[in-house]
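All values derive from a computational prediction rather than experimental measurement. Because only heavy atoms are used, hydrogens play no part in the values below, and waters and symmetry mates are left out as well, while side chains stay in.
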Amino acid sequence: MDRLIIDGGRPLTGTIPISGAKNAALALLAGSLLASEPTVLRNVPRLVDIHVMTEVLASLGMKVDATVDGALRLDASSLTDFTTPYDLVTRMRASFFVLGPVLARLGQARIPLPGGCAIGSRPVDLHLKGLRSLGAKVTIEHGYVEASADQLVGAPVYLDYPSVGATETIMMAATLADGTTTIDNCAQEPEITDLAEFLIAMGARVEGAGTEQITIHGRPRLEGADFTCIPDRVEAGTFLIAGAITGGDLTLTGVRPEHLAALIGKLQEMGAILTAPDGDVLRIQAPERLKAADVRTMPFPGFPTDLQAQIMALLAVSEGTSVISETVFENRFLHVDELLRMGANIKTEGNVAVVQGVDRLSGAEVRATDLRAGAALVLSGLAARGHTIISGVHHIDRGYEDLERKLVAVGAAIGRTQVEGQASDPAAQVPGLTR
Ligand code: EPZ
């Protein structure tokens with residue numbers, strides 16, 4: 001199993017290009033099922049999750065090809081199946097996003113009910129409630145969601161919680177419904193707006209994306225489109241925090257600063273200097289040590305839950321006491337135990353963590369339990385004294401394209417080993433890591 005080895009304590013300086021957004025690309029890939037003609041998606045990151053999603057699309061009869069300039073060409077003009085294999089959905093729960101489009105295109109869908117994951121039980125009741133509102137018959141049989149509708153009919157839908165996935169499911173299904181659908185209390189994340197713009201490019205009529213109400217006027221069919229995915233705000237936020245935690249000076253390119261307002265404000269409150277010298281460029285200059293601050297995760301435009309683990313790593317070495325409230329997921333503190341192994345001083349009570357900043361963390365062997373927890377361990381390793389050895393790297397590979405290469409380019413001493421079992425001195429396996 002791969003492991004990452006980091007020799008910490010080096011300020012990161014230089015420029016990092018930001019990749020396409022995993023969570024936008026996954027929704028766009030599902031949305032491409034709605035088109036009766038080929039679509040082209042650009043700036044799709046090369047990640048394990050994306051690969052799994054293309055396997056799901058292929059299992060439905062979608063033709064998926066890479067274009068000469070690295071884009072994805074997707075042809076859903078003749079889908080051959082309305083069901084996907086259980087093992088694909090267990091490998092990547094966002095595969096479930098194909099439910100709405102398949103139902104809308106074929107009048108029926110049989111998609112495995114996704115299980116929970118490390119960070120929570122991840123129910124899909126709001127997705128199913130939305131589809132029922134559009135007239136679908138939806139049952140759960142033998143672990144599968146069975147949905148059918150001769151013709152979906154537009155209707156008003158109220159979401160009890162502004163779920164990103166449920167908003168996407170209902171938006172996509174509603175584009176081929178007969179009549180108008182309104183989604184109230186919908187998610188307002190940039191990924192929602194990106195999906196809406198893709199649907200509009202395919203000929204759908206969608207209004208209000210990015211606000212608390214989205215209106216979709218259904219059409220009989222959608223055409224092809226050539227569309228570019230937004231940059232990944234969570235990757236960008238992770239690298240901003242890398243600059244902060246190492247007291248460095250990092251410039252991110254190909255980024256949308258307006259997608260990161262909550263994190264930018266928090267880092268400035270903590271004492272970092274952030275500037276946007278150009279429309280799609282963000283620069284962070286950080287002092288040796290930042291000041292503590294409180295963080296409460298909320299749906300967009302609030303502080304993103306997907307950056308909670310990463311900012312906790314930073315707060316663990318900031319000056320003072322911070323209180324972190326995780327209001328979105330019920331079990332998203334799995335990184336705490338690993339940070340404690342590195343010398344952090346953190347106490348949790350339910351969904352609240354109290355972080356007492358320490359001068360420095362010390363390198364240790366730690367395990368990534370989920371994608372963003374793994375990112376937090378990389379950040380801690382970059383700042384810690386000595387070597388940090390991270391196992392469970394497959395979690396990190398799901399969401400960060402070329403992570404080591406991007407970090408080495410700005411001065412990090414990080415490498416990957418494929419050592420089976422316990423190597424006597426794993427750091428010796430990594431070129432460029434000083435003793
Ligand atoms: C998306 O997950 C993202 N994943 C997550 O990113 C992100 O953390 C999350 O949105 C919140 O921003 C993708 O886009 C692929 P939700 P999603 O539905 O859609 C509850 C990462 O690290 N809920 O907004 O599953 C749910 O239990 C991943 O990149 C219901 O109760 O998130 C949770 O408490 C992790 N019923 C809350 O809503 C439902 O039917 C937010 O979930 C749906 C959700």
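Between V281 and L252 there is no side-chain heavy-atom pair separated by less than 4.5 Å. Between S325 and V295, every side-chain heavy-atom pair lies at or beyond the 4.5 Å cut-off. Side-chain contact between M298 and V328 is absent, with no heavy atoms from C-beta onward closer than 4.5 Å. Between L403 and V378 there is a side-chain heavy-atom pair separated by less than 4.5 Å. Using a 4.5 Å heavy-atom cutoff, the side chains of M312 and V336 are in contact. The shortest side-chain heavy-atom distance between E189 and R233 falls under the 4.5 Å cut-off. The closest side-chain heavy-atom distance from R416 to V393 is below 4.5 Å. Looking only at side-chain heavy atoms (C-beta outward), L267 and L314 come within less than 4.5 Å of each other.
Salt bridge D226/R73: absent, no basic N to carboxylate O contact under 4.0 Å. A salt bridge does not link E141 with R110: none of the charged nitrogens is closer than 4.0 Å to a carboxylate oxygen. The pair R93-D49 does not meet the salt-bridge criterion, since no charged nitrogen lies less than 4.0 angstrom from a carboxylate oxygen.
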Exercise for the section: Start with the C-alpha gap between H335 and Q308, add the side-chain angles, then the distance that decides, and say whether side-chain hydrogen bond (donor to acceptor under 3.5 Å, both in side chains) holds. Expected result: CA-CA 10 Å; H335 41 285; Q308 178 259 108; 2.9 Å; yes
Handout entry: Step-by-step side-chain hydrogen bond (donor to acceptor under 3.5 Å, both in side chains) determination, Q356 to T321
Key = CA-CA 5 Å; Q356 306 267 7; T321 301; 2.8 Å; yes
Problem - Candidate pair V145 and L99, rule side-chain contact (heavy atoms from CB on, under 4.5 Å), full reasoning - result: CA-CA 8 Å; V145 173; L99 171 64; 4.1 Å; yes
Handout entry: Criterion side-chain contact (heavy atoms from CB on, under 4.5 Å) on D397 and L47, from CA distance to verdict
Key = CA-CA 7 Å; D397 290 340; L47 296 169; over 6 Å; no
Exercise for the section: Please step through salt bridge (charged side-chain N to carboxylate O under 4.0 Å, His left out) for the pair D306 and R332, ending with a clear verdict. Expected result: CA-CA 9 Å; D306 291 349; R332 205 167 194 176; 2.8 Å; yes
Exercise for the section: Report the C-alpha distance between I311 and K266 in whole Å, list the side-chain angles of each, state the deciding distance to 0.1 Å, and finish with yes or no for side-chain contact (heavy atoms from CB on, under 4.5 Å). Expected result: CA-CA 9 Å; I311 197 118; K266 193 53 66 177; 4.1 Å; yes
Exercise for the section: I would like to know whether M62 and V56 meet side-chain contact (heavy atoms from CB on, under 4.5 Å); could you show each step before the answer? Expected result: CA-CA 9 Å; M62 163 99 78; V56 171; over 6 Å; no
Practice task
Apply side-chain hydrogen bond (donor to acceptor under 3.5 Å, both in side chains) to the pair E191 and N23, showing each step before the final yes or no.
Solution key: CA-CA 7 Å; E191 293 75 30; N23 290 347; 5.8 Å; no
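Distance alone, capped at 3.5 Å, is enough to place a donor-acceptor pair between the D370 side chain and the A373 backbone. Between the R341 side chain and the G363 main chain, no donor and acceptor come within less than 3.5 Å of each other. S322 places a side-chain N or O within 3.5 Å of a backbone atom of A293 that can act as its donor or acceptor partner. In this structure, the side chain of N331 engages the main chain of A118 through a donor-acceptor pair within 3.5 Å. Judged by distance alone, the side chain of D194 and the main-chain N or O of I230 form a donor-acceptor pair under 3.5 Å. Under the 3.5 Å distance criterion, the side-chain polar atoms of R105 are matched with a main-chain donor or acceptor of L33. Under the 3.5 Å distance criterion, the side-chain polar atoms of T348 are left unmatched by any main-chain donor or acceptor of V352. Looking only at distances, no side-chain donor or acceptor of K63 sits under 3.5 Å from a matching main-chain atom of A58. Between the side chain of N43 and the backbone N or O of C229, at least one donor-acceptor pair lies under 3.5 Å. At distances below 3.5 Å, not a single donor-acceptor pair connects side-chain atoms of T297 with backbone N or O atoms of P304.
The nearest pair of heavy atoms linking D81 to S59 is CB-O, 3.8 Å. The shortest non-hydrogen separation linking A383 to R360 is O-NH2, 2.9 Å. Listed here is the closest heavy atom pair of A313 and L379: CB-CB, 4.4 Å. Minimum heavy-atom separation, T211 to Q188: O-CG, 3.2 Å. Nearest approach of T327 to N351, heavy atoms of both residues: CA-ND2, 4.1 Å. Nearest heavy atoms, L371 versus H395: CD1-O, 3.3 Å.
Atom CE in M53 sits 11.5 Å away from atom CD in E55 (nearest 0.5 Å). To the nearest 0.5 Å, atoms OH (Y161) and OG1 (T167) are separated by 10.5 Å. Separation of atoms CG (L274) and CD1 (I284) is listed at 4.5 Å; rounding is to 0.5 Å. Distance check, rounded to the nearest 0.5 Å: CD1 of I5 to CZ of R3 gives 5.5 Å. To the nearest 0.5 angstrom, I214 atom CD1 is 6.0 Å from I192 atom CD1. Interatomic distance, CG of L74 versus CG of L41, reported as 5.0 Å (0.5 Å rounding).
Taking the six-membered ring where the residue is Trp, F198 and F227 present tilted rings, their angle falling between 30° and 60°. Between Y86 and Y144, the ring planes lie tilted relative to each other; the angle falls in the 30° to 60° range.
Screening K22, R398, R256, K406 against E235 for a salt bridge (Lys or Arg N to Asp or Glu O under 4.0 Å) leaves a single residue, K406.
Side chains of H387 and E365: no donor on one and acceptor on the other come within 3.5 Å. Residues E330 and S121 bring a donor and an acceptor atom of their side chains to less than 3.5 Å of each other.
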